[in-house]
Amino acid sequence: MRVGVLTGGGDCPGLNAVLRAVVRKGAGAYGHEFVGFRDGWRGVLEGDVRPLGVPDVRGLLPRGGTILGSSRTNPFAVDDGVARIRGTLEALGVDALIAIGGEDTLGVATRLHDDGVRVVGVPKTIDNDLGGTDYTFGFDTAVSIAVEAIDRLHTTAESHHRVLIVEVMGRHAGWIALHAGMAGGANGILIPEQPFDVDRVEAWVESRFRDRYASIIVVSEGAMPIGGAEVLQSMQKDAFGHARLGGIGDWLAHEIERRTGKEARTTVLGHVQRGGTPTARDRWLATRFGLHAIDAVDAGEWGTMTALRGTDIRMVPLLEATKQLKTVDPALYSEAEVFFG
């Protein structure tokens, strides 16, 4: 069987580990041949491919990003997108696809499966917000990077008696902020699932300074004040209809300074969270996802994706990844509140 592989959406640590596992087991155990589509669904639309054999995936475990490149191309926003994909697969003799991506990439895969394309999915996102799986690779690395930044900011915040706001990724779900904030000892965590009261944040800051400690607030990019709206960097939307978020940290810093008179600064981690070497856990999870994905291809389990359930990898319907995002439960958030202020 000739299998095409693509990585779509935002990059994250662990993508190359999936490619390595898919190719090494697929070629070695099943005798399959692979081609890599460049830049996600764009490569499938345009027939832009590169070789993807065992020599091409050697040494990839510690390497961040993706050797295939990525994009936010949406075939369903392009004229005759599905027909062009079918034409590419037929012209290249590709029998099946493995699509590695998040909500949008797997949403496209789901619709293509419904149209008869043979596809298996692998979920990835640093936000950890995909349904159907307990965790996605990339998340552990992103949290580790955020925690290291918070640890470093504690010392400078104390030295200068400042309020430091740490803005992390998380459009719809606050998993990175919650995990990193708790692990890093933040005295406030703001997430998209829980609109925040600015008066309460002000009280947290004042409480810390009364105890002669500086304040660290971790905020997801998608968090918003009660009665407010998301803060956007740009109104321009991508092919999937997403505007670019960013700026809630600066907004909050200005508001804290205005209310308390304390100097407040913002650190936006941004793409630092996506880059660099994946943690051991992300390498482990990505590798297992890749192994099970090629098993599913060989078994003809089309329209499914890999999922972590406890310590087991299972194949679940692709639709589970996209029908409902996995967000932070209020009860879980309330556990962290004991440390606020």
Side-chain angles (χ1 to χ4, degrees), residues 5-25 34 36 38-40 50 52-72 98-102 105 122-130 133-155 166-171 173 175-186 218 220-221 267-294 306 308 311 313:
V5 187
L6 65 96
T7 54
D11 73 309
C12 77
L15 285 168
N16 286 322
V18 179
L19 300 177
R20 173 180 175 270
V22 164
V23 172
R24 290 194 59 173
K25 185 171 187 180
F34 296 89
R38 290 188 174 95
D39 301 336
R50 57 156 290 171
L52 200 62
V54 172
D56 301 297
V57 298
R58 289 197 175 109
L60 289 186
L61 266 180
R63 185 170 169 180
T66 164
I67 62 169
L68 296 181
S70 191
S71 72
R72 297 192 182 277
I98 294 178
I100 310 166
T105 300
V122 175
K124 68 88 200 159
T125 169
I126 67 170
D127 291 342
N128 198 43
D129 60 356
L130 285 178
T133 183
D134 293 348
Y135 285 94
T136 52
F137 63 87
F139 172 68
D140 188 67
T141 304
V143 170
S144 297
I145 291 168
V147 170
E148 180 181 355
I150 294 167
D151 288 346
R152 293 174 181 275
L153 290 170
H154 271 293
T155 57
V166 184
E167 183 179 317
V168 299
M169 287 186 171
R171 174 180 292 273
W175 292 109
I176 294 177
L178 182 65
H179 282 241
M182 289 186 71
V218 179
S220 299
E221 63 183 349
T267 297
V268 180
L269 296 186
H271 286 76
V272 170
Q273 296 158 93
R274 291 192 182 279
T277 300
T279 61
R281 178 177 174 81
D282 279 341
R283 299 183 201 190
W284 170 85
L285 181 56
T287 297
R288 294 188 69 199
F289 275 179
L291 296 175
H292 284 261
I294 193 59
T306 56
L308 179 68
T311 58
I313 306 295

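In this chain, residues are counted from 1 in sequence order.
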Report summary line: P62 and P278 have their tightest heavy-atom pair at O-CD, 3.5 Å

Query raised in the report: Can you name the nearest heavy-atom pair linking S70 to G8, along with the distance?
Result: OG-C, 3.1 Å

Query raised in the report: Would you say Y135 and N128 make side-chain contact, with heavy atoms under 4.5 Å?
Result: yes

Query raised in the report: In Å, rounded to the nearest 0.5 Å, how long is the span from OG1 of T7 to CG of L15?
Result: 5.5 Å

Query raised in the report: Under the side-chain contact (heavy atoms from CB on, under 4.5 Å) test, which residues partner L61, sequence neighbours left out?
Result: A17, R20, R283, T287

Report task. Taking the side chain as every heavy atom from C-beta outward, state whether P123 and T306 have any atom pair closer than 4.5 Å. Result -> yes

Query raised in the report: In Å and rounded to the nearest 0.5 Å, what is the OG1 to CG distance from T136 to L285?
Result: 7.5 Å

Report summary line: Applying side-chain contact (heavy atoms from CB on, under 4.5 Å) to V54 and not counting sequence neighbours gives V23, A27, R58

Query raised in the report: Crowded around R24 CZ? As in, over 12 foreign heavy atoms under 6.0 Å?
Result: no

Report summary line: salt bridge (charged side-chain N to carboxylate O under 4.0 Å, His left out) filter on R38, not counting sequence neighbours, yields D48

**Report entry** Validation row: F137, I100 side chains within 4.5 angstrom (heavy atoms)
**Finding:** yes

Query - Heavy-atom check, side chain of V18 versus side chain of V22, under 4.5 Å - result: yes

Requested in this report: Enumerate the residue pairs fulfilling salt bridge (Lys or Arg N to Asp or Glu O under 4.0 Å) with a member in residues 133-153, sequence neighbours excluded, ordered by first and then second residue.
Outcome: E148-R152

Query raised in the report: Between V168 and A146, which heavy-atom pair has the shortest distance, and what is it?
Result: CG1-CB, 4.3 Å

Query - Derivation and outcome, side-chain contact (heavy atoms from CB on, under 4.5 Å), residues D127 and M169 - result: CA-CA 7 Å; D127 291 342; M169 287 186 171; 4.1 Å; yes

Query raised in the report: Just wondering, do I176 and F139 contact through their side chains at under 4.5 Å, heavy atoms?
Result: yes

Requested in this report: Go through the structure and list residues passing side-chain contact (heavy atoms from CB on, under 4.5 Å) with I67, not counting sequence neighbours.
Outcome: N16, L19, R50, L52, L60, R63

Query raised in the report: Roughly how far, to the nearest 0.5 Å, is CZ of R171 from OG of S220?
Result: 12.0 Å

Query raised in the report: Any side-chain heavy atom of W175 sitting closer than 4.5 Å to one from T125?
Result: no

Throw together a table of side-chain donor-acceptor distances under 3.5 angstrom for residues 178-186, partners on residues two or more places apart or in other chains.
none

Query raised in the report: Measuring from K124:NZ to T133:OG1, what's the distance to the nearest 0.5 Å?
Result: 14.0 Å

Requested in this report: Working to the nearest 0.5 Å, report the span between CD of E167 and CD of Q273.
Outcome: 9.0 Å

Report summary line: Rounded to the nearest 0.5 angstrom, the CD1-OG1 distance for I126 and T141 is 9.5 Å

